[in-house]
Amino acid sequence: MALWATSCSSSEKLFLTSSAATRRRMGSRRRDLVHVGMTDQAETETISIAYKEGDRERPKWADETPFSRLVEALISFKPFYSLLKLGARQVLISTAERNNIPWREMTKEILESDVYKELNTIQNTSLQYPDYYLSPCHAYDEGNLSWLAAAEAEVATMSMTRRAIPYAPSNEEATQEMRGNWVLAIKQHHMKHSGNVTIQNIVDIGCSVGLSTRFLADEFPSAKVTGLDLSPYFLSVAQYKEKKRPPRKNPIRWIHAAGENTGLPSKSFDLVSFSYVFHECPERAIIALVNEAFRLLRPGGTLAITDLAPKSKILQELSPALFTLMKSTEPFLNEYCLTDLEERLREAGFVNMKTLLTDPRHMTMTATVPHQHV
């Protein structure tokens, strides 16, 4: 069966293995971006997915160009920055409203709930926040350290997902494509490189309000899963929402700590995950996070990073207006795009690095701790 349009190169293909249950959740795809072929053997199948890569290693707007410098100057001018911040926020809200995502209702539900009671059980009051974490981001002056940011995190993620996958028939199917491809990439990599190491312990670093953490807990129900984040407000929402669900066999543990210095035991995890974390960090923090992940993983353990894809054709071709709005809410976006992640992983000691576009705008990078690691 012909699976690919002739314009798709082999570098745009993603071959993954999933369970039959995962396949049923994945739903349909728009044919000009994705075509699915299945080979049923017992409980597994092969899924082929193509997303468009651009012609460059990273977007032009990440380079030091006259236009990039102009954008930086505009962002640094406070009155104009305030307008950009409002504009970026409105883009997400309008996307949500067009796709029947109840932004205001979901936010109000959190802010008017008992979520505030969770803070005392979550917050580490002695924690020292890294300087970069105190920068304004995502149109919030306090960054992630506010109740409003925490209350809007889930609905903002849903809006971001719809912007990444606008062709999905529903919000649920957009989420399943984004999250499903990510977890399939993890499973495929671990199956190939772990040496039959079972995923029994997972830590989701930078877990925000727990969306990725819960997805991992659902996909690996026999594993013990930990969600770790710097924002006690985000973690309060994560714990509050998890309590609304049916109890799990292995309850999720939530930890308020820095990802660069988690305080968790060395070689205690089989999977360390970072979901949409690195683009919010300067390179020095990325290096520290990668080194901490290496310390936490057992030999044969898997590191999984999913984030913005500098090679994405869509991101490389963003209009000047959109990338200006984007950069106004992401202070470290340029630094992230200029960071050679695979080289940083290699320097930390990881092997078997693999990078795949797992939706039109995002990539998943996986790597392994060597089996001889001592």
Side-chain angles (χ1 to χ4, degrees), residues 51 53-54 56-63 68 71-72 75 84-85 88-89 91-92 130-140 143-144 149 152-153 156-157 159-161 163-165 178-179 181-182 185 204-209 211-212 228-231 234 258-260 272-290 292-293 303-318 322-345 355-367:
Y51 297 109
E53 288 188 357
R56 298 168 52 86
E57 287 297 308
R58 57 182 176 269
K60 286 183 179 180
W61 46 257
D63 290 325
S68 181
V71 171
E72 293 295 336
I75 292 171
L84 288 173
K85 182 175 64 175
R89 179 179 172 83
V91 166
L92 279 180
D131 58 350
Y132 70 86
Y133 197 71
L134 302 175
S135 301
C137 70
H138 298 164
Y140 305 105
N144 294 331
E152 292 185 334
T157 300
S159 182
M160 178 271 291
T161 301
R163 291 191 66 79
I165 309 176
M178 177 179 284
R179 299 288 185 182
N181 290 348
W182 159 63
D204 186 25
I205 298 178
C207 68
S208 182
V209 294
L211 302 180
S212 54
L228 183 146
D229 201 89
L230 267 169
S231 173
F234 282 23
E260 303 95 320
V272 173
S273 172
F274 295 95
S275 292
Y276 312 106
V277 173
F278 282 12
H279 75 277
E280 298 180 4
C281 301
E283 185 174 23
R284 57 185 168 85
I286 291 173
I287 293 170
L289 291 167
V290 167
E292 178 70 351
L303 169 66
I305 301 162
T306 190
D307 216 310
L308 292 169
K311 289 186 177 182
S312 160
K313 183 177 177 66
I314 290 177
L315 290 186
Q316 290 190 7
E317 296 178 357
L318 277 181
L322 280 178
F323 83 68
T324 301
L325 290 176
M326 187 176 181
K327 289 173 73 171
S328 72
T329 63
E330 301 288 358
F332 301 107
L333 185 59
N334 277 26
E335 199 164 344
Y336 164 74
C337 288
L338 293 169
T339 298
D340 186 340
L341 280 182
E342 288 201 9
E343 182 60 25
R344 299 292 82 81
L345 266 58
T355 304
L356 299 163
L357 263 66
T358 40
D359 70 58
R361 295 183 181 220
H362 302 97
M363 63 82 191
T364 297
M365 182 180 296
T366 47

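From a predicted model like this one, the values you see are computed outputs, not experimental measurements.
The main-chain N or O of His279 is found under 3.5 Å from a side-chain atom of Asp307 such that the two form a donor-acceptor pair. In this structure, Thr364 contributes its side chain and Leu356 its backbone to no donor-acceptor pair below 3.5 Å.
Using a 4.5 Å cut-off on side-chain heavy atoms (C-beta onward), Arg179 and Leu211 make contact. Looking at heavy atoms from C-beta onward, Tyr276 lies out of side-chain contact with Ser212 at the 4.5 angstrom threshold. Here the side chains of Phe332 and Cys281 are not in contact, with every heavy-atom distance at 4.5 Å or above. Counting only heavy atoms from C-beta outward, the side chains of Leu303 and Phe274 approach each other to under 4.5 Å. The shortest side-chain heavy-atom distance between Lys311 and Glu57 falls under the 4.5 Å cut-off. His362 has its side chain out of reach of Trp182: every pair of non-hydrogen atoms, C-beta onward, lies at least 4.5 Å apart. Within the 4.5 Å cutoff, no side-chain heavy atoms of Val209 are placed close to those of Thr157. Pro310 places a side-chain heavy atom less than 4.5 Å from the side chain of Pro59.
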Between Leu338 and Asp63, does a side-chain contact (heavy atoms from CB on, under 4.5 Å) hold up when you go through it step by step? CA-CA 8 Å; Leu338 293 169; Asp63 290 325; 3.8 Å; yes

For a side-chain contact (heavy atoms from CB on, under 4.5 Å) check, start with the C-alpha distance between Ile205 and Val272, then their side-chain angles and the critical distance, and finish with the verdict. CA-CA 7 Å; Ile205 298 178; Val272 173; 3.9 Å; yes

As a quick check of understanding, evaluate side-chain contact (heavy atoms from CB on, under 4.5 Å) for Tyr51 and Ile314, giving each step before the final call. CA-CA 10 Å; Tyr51 297 109; Ile314 290 177; over 6 Å; no

Go through Glu283 and Glu335 one step at a time and tell me if the side-chain contact (heavy atoms from CB on, under 4.5 Å) criterion holds. CA-CA 6 Å; Glu283 185 174 23; Glu335 199 164 344; 3.6 Å; yes

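Contacts of Asp340 classified as salt bridge (charged side-chain N to carboxylate O under 4.0 Å, His left out), with partners at least two apart in sequence or in another chain: none. Legend: residues meeting salt bridge (charged side-chain N to carboxylate O under 4.0 Å, His left out) with Glu280, ordered by chain and number and at least two apart, are absent.
Smallest separation of non-hydrogen atoms from Ser231 and Asn144: OG-O, 2.8 Å. The two residues Met363 and Leu308 have their closest heavy-atom pair at CG-O, 3.9 Å. Here the closest heavy-atom approach between residue Ala309 and residue Leu315 is recorded as O-CD1, 3.4 Å. Nearest heavy-atom pair across Leu92 and Ser159 is O-OG, 2.7 Å. Annotation for Thr358 and Asn181: closest pair O-ND2, 2.8 Å, computed over non-hydrogen atoms. The two residues Ala149 and Phe234 have their closest heavy-atom pair at C-CE1, 3.5 Å.
Atoms CD1 and CD, on Ile287 and Glu343 in that order, are 10.5 Å from each other to the nearest 0.5 Å. The OG atom of Ser328 sits 12.5 Å away from the CZ atom of Arg89 when rounded to the nearest 0.5 Å. To the nearest 0.5 Å, atom CD1 of residue Ile165 and atom CE of residue Met178 are 4.5 Å apart. Remark: Phe278 CZ to Ile305 CD1 distance equals 4.0 Å, nearest 0.5 Å. The line from CG of Leu230 to OG of Ser208 is 11.5 Å long, rounded to the nearest 0.5 Å.
Judged purely by distance below 3.5 Å, without hydrogens or angles, the side chains of Glu330 and Tyr336 never pair a donor atom with an acceptor atom.
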